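To start, the structure itself, in structure tokens.
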Amino acid sequence: MVDIATPEFLSELQSLYPAPAKYVDGDWFLAAGIAFSSSNCPEGIPYILRYALDDLDKLPDTSDEDRRLLVRKIRDGIFKSGLISGYPKTINALAALYEATPEKLRDTEPLRDSTRSKEEVAAAGQAYFDSTYGDTAAKVQPALRSFYPDLEHFTINLGYGYVYAFMEVTSAKETSFAMISALIPNDTPRQVEWHLTGAVRNGATVEEVRGVREIALKIAIKAGVPLKNEVPDI
């Protein structure tokens, strides 16, 4: 599937996301990397990384910190998407990213603080869950509990707490983008609709959300993902 990750296709994907003031804030590469992962095409991810790093290197005053942040955003976004697309896909995607990443831009220590108390993690998870779902959180969370109490506990404490609420690399809106980019190739329109709105609640513009949606949809179609349902829009 590497033949779909051509410079022309990547340029088209980049054009779908509003141009940012800073290149590393242009989340097209985040959305694209996750959509390739969720579409089970991890071999496309090194092409995204090289394309984005080449773009970054054309700008004046680009530092290794800028390059490291770009790599970390793709890496953390793929990690966050694993709860949706599945960890086998995530492992394959992160392995492909690791092999393509220059050694000086690789992380060797965890970014998340493992010393935080369970209470702190749970509070952060609840806050981000409430931010994402807004007024509907009061209905969604009890529904999770009724489906299976362990599901609610996992969602708030581990999913939203440990994984999603870590904002030092990918922001609240970028975390929403990670969810959208993973959900579209998974053909789950109800959840796509929730998180398109959730991204706006988490600080994204409608134009940015539509850009992420289009990036993920184009990659899924190019990758041959069978989409049985219409993808919601915002």
Side-chain angles (χ1 to χ4, degrees), residues 4-39 44-45 47-63 65-81 84 97 128 131-134 164 166-185 189 191-223 227 230-234:
I4 71 173
T6 62
E8 294 76 17
F9 184 52
L10 298 182
S11 178
E12 179 186 356
L13 297 177
Q14 182 180 9
S15 72
L16 295 171
Y17 191 85
K22 292 180 63 178
Y23 187 89
V24 292
D25 294 330
D27 290 312
W28 77 270
F29 51 83
L30 173 79
I34 293 164
F36 268 104
S37 173
S38 191
S39 299
I45 293 170
Y47 290 85
I48 296 168
L49 176 65
R50 286 193 285 268
Y51 185 100
L53 286 176
D54 285 347
D55 263 0
L56 193 58
D57 285 341
K58 294 172 186 174
L59 302 175
D61 303 321
T62 293
S63 66
E65 283 306 306
D66 297 322
R67 299 180 186 93
R68 188 170 292 108
L69 177 58
L70 187 148
V71 175
R72 280 178 172 169
K73 281 193 174 190
I74 299 174
R75 184 188 300 124
D76 198 60
I78 292 172
F79 174 67
K80 286 182 172 180
S81 75
I84 293 169
L97 180 63
Y128 187 59
S131 172
T132 299
Y133 284 93
Y164 293 150
F166 175 73
M167 303 295 178
E168 293 178 25
V169 175
T170 44
S171 66
K173 77 171 184 179
E174 289 169 334
T175 301
S176 285
F177 293 165
M179 296 181 193
I180 294 165
S181 302
L183 287 165
I184 287 174
Q191 285 76 18
V192 171
E193 186 172 18
W194 290 345
H195 288 288
L196 291 173
T197 305
V200 174
R201 291 193 187 103
N202 284 324
T205 67
V206 171
E207 186 182 10
E208 288 172 336
V209 177
R210 285 179 175 156
V212 169
R213 174 192 177 275
E214 286 300 307
I215 289 168
L217 182 56
K218 283 185 177 291
I219 290 172
I221 292 171
K222 277 273 192 179
L227 298 174
E230 184 175 349
V231 177
D233 205 343
I234 187 171

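Being a predicted model, the structure only gives us computed values, none of them experimental. Any value given below was found using the heavy atoms of this structure, including those in side chains, with hydrogens, waters and symmetry copies removed.
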Please find the pair of heavy atoms, one from Ala5 and one from Phe36, that lie closest to each other, and give the distance. CB-CZ, 4.1 Å

Could you list the residues that satisfy side chain to side chain contact (heavy atoms under 4.5 Å, CB included) with Ile234, not counting sequence neighbours? Leu196, Val200, Val206, Val209, Arg210

Only counting residues at least two apart or in another chain, list the ones meeting side chain to side chain donor-acceptor pair (under 3.5 Å) with Asp55. Gln14, Tyr23

Check side chain to side chain donor-acceptor pair (under 3.5 Å) between Arg72 and all other residues, then give those that pass, not counting sequence neighbours. Asp107

Which residues pass the ring pair (Phe, Tyr, Trp, His ring centres under 6.0 Å) test with Tyr51, not counting sequence neighbours? Trp28

Which value, rounded to the nearest 0.5 Å, describes the distance between Glu214 atom CD and Ser15 atom OG? 10.5 Å

In terms of heavy-atom contacts, Ala216 and Ile184 come closest through CB-CD1, 3.9 Å

Listed by chain and number, what are the side chain to side chain donor-acceptor pair (under 3.5 Å) partners of Glu168, not counting sequence neighbours? none

Is there a donor-acceptor pair under 3.5 Å between the side chain of Arg213 and the backbone N or O of Pro232? yes

Could you state the interatomic distance from CZ (Phe29) to CG (Leu70), rounded to the nearest 0.5 Å? 4.0 Å

How close do Val169 and Leu69 get, heavy atom to heavy atom, and via which atoms? O-CD1, 4.4 Å

Which atom pair, heavy atoms only, marks the closest approach of Thr132 to Arg201? O-NH1, 2.8 Å

Measuring from atom OG of Ser37 to atom CD1 of Ile48, what distance do you get when rounded to the nearest 0.5 angstrom? 10.0 Å

Check: Gly77 main-chain N/O paired with Thr170 side-chain donor or acceptor under 3.5 Å: no

Which residues pass the side chain to side chain contact (heavy atoms under 4.5 Å, CB included) test with Pro20, not counting sequence neighbours? Asp25

Can you give me the closest heavy-atom contact between Leu56 and Thr62, atom names plus distance? O-OG1, 2.7 Å

Please assess Leu217 against Leu227 for the test side-chain contact (heavy atoms from CB on, under 4.5 Å), listing each intermediate value before the final yes or no. CA-CA 10 Å; Leu217 182 56; Leu227 298 174; 3.6 Å; yes

Ile45 side chain reached by Ile78 side chain, heavy atoms, under 4.5 Å: yes

Taking only residues two or more places apart in sequence, or in another chain, which ones meet Glu230 in a side chain to side chain contact (heavy atoms under 4.5 Å, CB included)? none

How about Ile219 and Pro185: do any of their side-chain heavy atoms sit closer than 4.5 Å? no

Quick check for you: to the nearest 0.5 Å, what is the distance between Lys222 atom NZ and Leu13 atom CG? 9.0 Å

Using the side chain to side chain contact (heavy atoms under 4.5 Å, CB included) criterion, which residues pair with Glu207? Sequence neighbours excluded. Pro18, Thr205

With Arg67 via side chain to side chain donor-acceptor pair (under 3.5 Å) - residues at least two apart: Asp57, Asp64

With no hydrogens and no angle check, is any side-chain donor or acceptor of Ser38 less than 3.5 Å from a backbone partner on Ile34? no

Quiz: residues 174-181 side-chain donor-acceptor pairs under 3.5 angstrom, not counting sequence neighbours:
unit_1 : atom_1 : unit_2 : atom_2 : d
Glu174 : OE1    : Ser171 : N      : 2.8
Glu174 : OE1    : Ser171 : OG     : 3.3
Glu174 : OE2    : Lys73  : NZ     : 2.7
Thr175 : OG1    : Lys80  : NZ     : 2.7
Thr175 : OG1    : Ser171 : O      : 2.8
Ser176 : OG     : Tyr128 : OH     : 3.4
Ser176 : OG     : Asn202 : ND2    : 2.9
Ser181 : OG     : Phe177 : O      : 2.8

Rounded to the nearest 0.5 angstrom, the CG-CD1 distance for Leu30 and Ile215 is 9.0 Å

When you look at CD of Gln191, are more than 12 heavy atoms from neighbouring residues, nucleotides or ligands closer to it than 6.0 Å? yes

Which residues pass the salt bridge (Lys or Arg N to Asp or Glu O under 4.0 Å) test with Glu12, not counting sequence neighbours? Lys218

